[in-house]
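The model shown is predicted, which means the values in this text are computed figures rather than measured ones. Numbers here are sequence positions counted from 1.
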Amino acid sequence: GEVKIWSDGTSIFFGKITARGGDSGDGGFVEVSGKENLFFEGSVDTTAKNGKQGRLLLDPLDIIIADGSGGIDDSKLLNGIIDFDDFDGTYTISEETLEALQATTNITLDAERNIYLSDLSDGRLDLKQVNGSSVTFLARTGFISFADKSDEIRTQGGNLNLIAGTHQDIGKLTSNGGKISLQVGIYANLGGDINTGGGNFFVGPLDRPSAQSFAHISGNAVPVYSSHISGASSNRLVSSNPDINIRADISSSGGEVVL
């Protein structure tokens, strides 16, 4: 089944949502959204005993992933009361809240504008998602940015998708066998390794008329460790470092790959 929590203003959720599959069914779909503001400190279970896992969608205006266990907005909960005047259109979720989500739940962070990853004291957003599940960061009209380019987003075999309307300024990505996909409107700047651990790596422009005809990928050093690299349209992998390390087959659908 489906569970949807949606408001034209601010949505605040601290409980637990269960949308599990039955003996033969798939896990359900859970959406927690606020058109202006979203505050999420709850838990979601979309597992399925014999079917496919479900999906969690968080859908605010901007998203900040905060370091550690406390999102920036956590302090606005005083004696069980939220001061709605304190919200400014940005939703902050803590690193540990994301890391605690079920391993088989597909996670989608869908921001109308931007997604920011704060400077992480442990250097890693270590997500539980395993083979067959996925994590998607979608910044529809803006960018995805890491405060510290040495930080890492890691899954345990789940696919990792980063999609931005304008650009990405990111650090290390690791998927332990899952596919890593980067889609951008203009360019992506890589601050660390792309390591799929045997999975595939895809890079390309957004599939919309206003997108550039190529995805411009740059960084001080661009090491890519993958079993296969594919791209749509023309793709440019550029490094100010004289070396580009690619341990993968390369193919393109409909355009040239320029290294």
For [X] and [Y], work out which heavy atoms get closest and say how close.
| X | Y | answer |
| --- | --- | --- |
| S175 | G158 | CB-O, 3.9 Å |
| S134 | Q129 | O-CG, 4.1 Å |
| V184 | Q168 | CG1-NE2, 3.3 Å |
| T174 | E152 | OG1-OE2, 2.6 Å |
| A103 | K128 | CB-O, 3.3 Å |
| I64 | S118 | CG2-OG, 3.5 Å |

When rounded to the nearest 0.5 angstrom, what is the spacing between [atom1] in [X] and [atom2] in [Y]?
| X | Y | atom1 | atom2 | value |
| --- | --- | --- | --- | --- |
| L138 | L162 | CG | CG | 10.0 Å |
| T196 | I194 | OG1 | CD1 | 9.5 Å |
| T155 | L160 | OG1 | CG | 6.0 Å |
| F137 | L117 | CZ | CG | 7.5 Å |
| I153 | I170 | CD1 | CD1 | 7.5 Å |
| S94 | I65 | OG | CD1 | 10.0 Å |

### Task
List the steps and the verdict of side-chain contact (heavy atoms from CB on, under 4.5 Å) for N106 and F29.
CA-CA 9 Å; N106 293 316; F29 172 73; over 6 Å; no
### Query
Under the side chain to side chain donor-acceptor pair (under 3.5 Å) criterion, do N161 and T136 qualify, and how do the steps go?
CA-CA 5 Å; N161 309 303; T136 299; 3.1 Å; yes
Taking [X] for its side chain and [Y] for its backbone only, find out whether a donor-acceptor pair lies under 3.5 Å.
| X | Y | result |
| --- | --- | --- |
| D193 | K172 | no |
| D151 | L120 | yes |
| N114 | D62 | no |

Taking the side chain as everything from C-beta on, heavy atoms only, tell me whether [X] gets closer than 4.5 Å to [Y].
| X | Y | result |
| --- | --- | --- |
| F146 | N189 | no |
| D122 | E95 | yes |
| V135 | N159 | no |
| R154 | L127 | no |
| T46 | V30 | yes |
| K179 | F201 | no |
| D110 | R140 | yes |
| T166 | Y187 | no |

### Task
Treat each ILVMFWY residue as a node, draw an edge where side-chain heavy atoms are under 4.5 Å apart, and state whether L173 and V130 are in one component.
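Each belongs to a different hydrophobic cluster.
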#### Entry: Common cluster, I17/L109, ILVMFWY with side-chain heavy-atom separation under 4.5 Å
yes
### Query
Considering residues at least two apart in sequence or located in another chain, which fulfil the side-chain hydrogen bond (donor to acceptor under 3.5 Å, both in side chains) criterion with D126?
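Partners of D126 under the side-chain hydrogen bond (donor to acceptor under 3.5 Å, both in side chains) test: Q156.
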### Query
After noting the C-alpha distance and the side-chain angles of D67 and S121, does the key distance pass the side chain to side chain donor-acceptor pair (under 3.5 Å) rule?
CA-CA 7 Å; D67 179 38; S121 57; 3.2 Å; yes
### Task
Might you confirm whether atom CZ of R20 has over 12 heavy atoms from other residues, nucleotides or ligands at distances under 6.0 Å?
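No, the 6.0 Å shell around CZ holds no more than 12 heavy atoms from other groups.
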### Message
With side chain to side chain donor-acceptor pair (under 3.5 Å) as the criterion, how do E112 and T141 come out once you've worked through the C-alpha distance, each side chain's angles and the decisive distance to 0.1 Å?
### Response
CA-CA 6 Å; E112 181 63 29; T141 62; 4.6 Å; no
### Task
Mind checking ring pair (Phe, Tyr, Trp, His ring centres under 6.0 Å) for F143 and listing every partner two or more places apart, or none if nothing turns up?
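Ring pair (Phe, Tyr, Trp, His ring centres under 6.0 Å) list for F143, sorted by chain: Y116, H167.
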### Query
What salt bridge (Lys or Arg N to Asp or Glu O under 4.0 Å) pairs are there with at least one residue in residues 157-169, not counting sequence neighbours?
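Pairs touching residues 157-169 that pass the test: K149-D169.
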